[in-house]
Amino acid sequence: MSPFIAEFLGTMLLILMGGGVVANVVLSKTKGHGAGWLAITTAWALGVFVGVVVAGPYSGAHLNPAVSIGLAIGGTFPWCDVCTYIIAQMLGAALGALLVWLVYKDHFEATEDKGAKLGVFCTNAEISNPVINFLTEAVGTFALMFVVFYITDGELTYDSNSTLPIGLGSVGAIPVAFTVWVIGLSLGGPTGYAINPARDLAPRIMHAILPIKGKGSSHWEYAWIPVLGPIAGAAIAAMLYYALK
């Protein structure tokens, strides 16, 4: 397990679970049809948990180009590794989207709503306003990135000021999952909270190239927002963190 493979598999699992829950909720004739926003945000958060559990020990589980760039700006990740991580994340997200389509292929064919089909793969604004949509993605990713900087390993402190690490193992993924969950519940309404360029761009590409029956436009005119918005938000969080160190 190399960092590249870890980022690839972790991001694949994230999109498999996240895209899967959207498919389950919005596509026709599924067991979870109409389950609602709480189901979607909860599964996305748990999808983050799953991805972090797998990738964390080997790559730090960025699973998000904005996180990789933000950590590099903050001085906690080498710039020379950023491109490698982003390639792994994009490929993993593409595979995850492909698997979701294969699992729900019959339901894609049973669904007439073109927007619902696109929504399984990527995000789109409920009210089109590029400035506000960009701001929404930037603010959501700022919150994620700023919290990530302050997530620390658990430890016990004694009266003598000595410390003992607590081996939390997979439990260490919980703070990130909770952060993604609350971002979705609080800030996800306007745009669907991509907060991750790989989560949106790679599946959008898959939507464009896969032979999905009755699909509509991939809405490329919107695609720059869930890519540049998260990067801007992560960069601002990193600079603020650096200034406050």
Problem - Pairwise side chain to side chain donor-acceptor pair (under 3.5 Å) hits with a residue in residues 59-69, at least two apart - result: E7-S59, H62-S68, S68-Q89
Practice task
Check side-chain hydrogen bond (donor to acceptor under 3.5 Å, both in side chains) between H207 and all other residues, then give those that pass, not counting sequence neighbours.
Solution key: S218
Problem - Check: R199 main-chain N/O paired with R204 side-chain donor or acceptor under 3.5 Å - result: no
Exercise for the section: Could you tell me which residues satisfy side chain to side chain contact (heavy atoms under 4.5 Å, CB included) with L244, sequence neighbours excluded, listed by chain and number? Expected result: F146, Y150, L240
Problem - Rounded distance [0.5 Å steps], OH in Y104 versus CD1 in I212 - result: 15.0 Å
Practice task
Identify, with sequence neighbours excluded, every residue that meets ring-ring contact (aromatic ring centres under 6.0 Å, His included) alongside W79.
Solution key: none
Fill in the blank from the handout: Separation between OH (Y85) and OG1 (T11), nearest 0.5 Å, reads 10.5 Å
Exercise for the section: Using the test side chain to side chain contact (heavy atoms under 4.5 Å, CB included), find all partners of P78 that sit at least two apart in sequence or belong to another chain. Expected result: C80, D81
Fill in the blank from the handout: Contacts of E109 meeting salt bridge (Lys or Arg N to Asp or Glu O under 4.0 Å) (sequence neighbours excluded), chain-then-number -> K105
Problem - Residue list, side chain to side chain contact (heavy atoms under 4.5 Å, CB included) with A232, at least two apart or on another chain - result: F134
Exercise for the section: Sort and list the pairs that fulfil side chain to side chain donor-acceptor pair (under 3.5 Å) and have at least one residue in residues 225-236, not counting sequence neighbours. Expected result: none
Practice task
Answer yes or no: is there a donor N or O on one side and an acceptor on the other, between the side chain of T111 and the main chain of D113, under 3.5 Å?
Solution key: no
Handout entry: Nearest-0.5 Å distance, CG of residue L99 to CG of residue L13
Key = 9.5 Å
Mind listing the side-chain donor-acceptor pairs of residues 177-190 below 3.5 Å, one per line with the distance, residues two or more places apart or on another chain?
unit_1	atom_1	unit_2	atom_2	d
T179	OG1	P175	O	2.8
W181	NE1	T42	OG1	3.2
S186	OG	V182	O	2.9

Practice task
Give, for atom CG of L9 and atom CG of L16, the distance between the pair rounded to the nearest 0.5 Å.
Solution key: 11.5 Å
Exercise for the section: Could you grab the distance from atom OG1 of T123 to atom CG of L118, nearest 0.5 Å is fine? Expected result: 8.5 Å
Exercise for the section: Would you mind listing every ring-ring contact (aromatic ring centres under 6.0 Å, His included) that reaches into residues 12-31, with sequence neighbours excluded? Expected result: none
Exercise for the section: If a pair satisfies side chain to side chain donor-acceptor pair (under 3.5 Å) and one of its residues is in residues 126-149, list it, with sequence neighbours excluded. Expected result: E137-T191
Handout entry: Those residues that, when tested against A238, pass side chain to side chain contact (heavy atoms under 4.5 Å, CB included) (two or more places apart)
Key = I73, F149
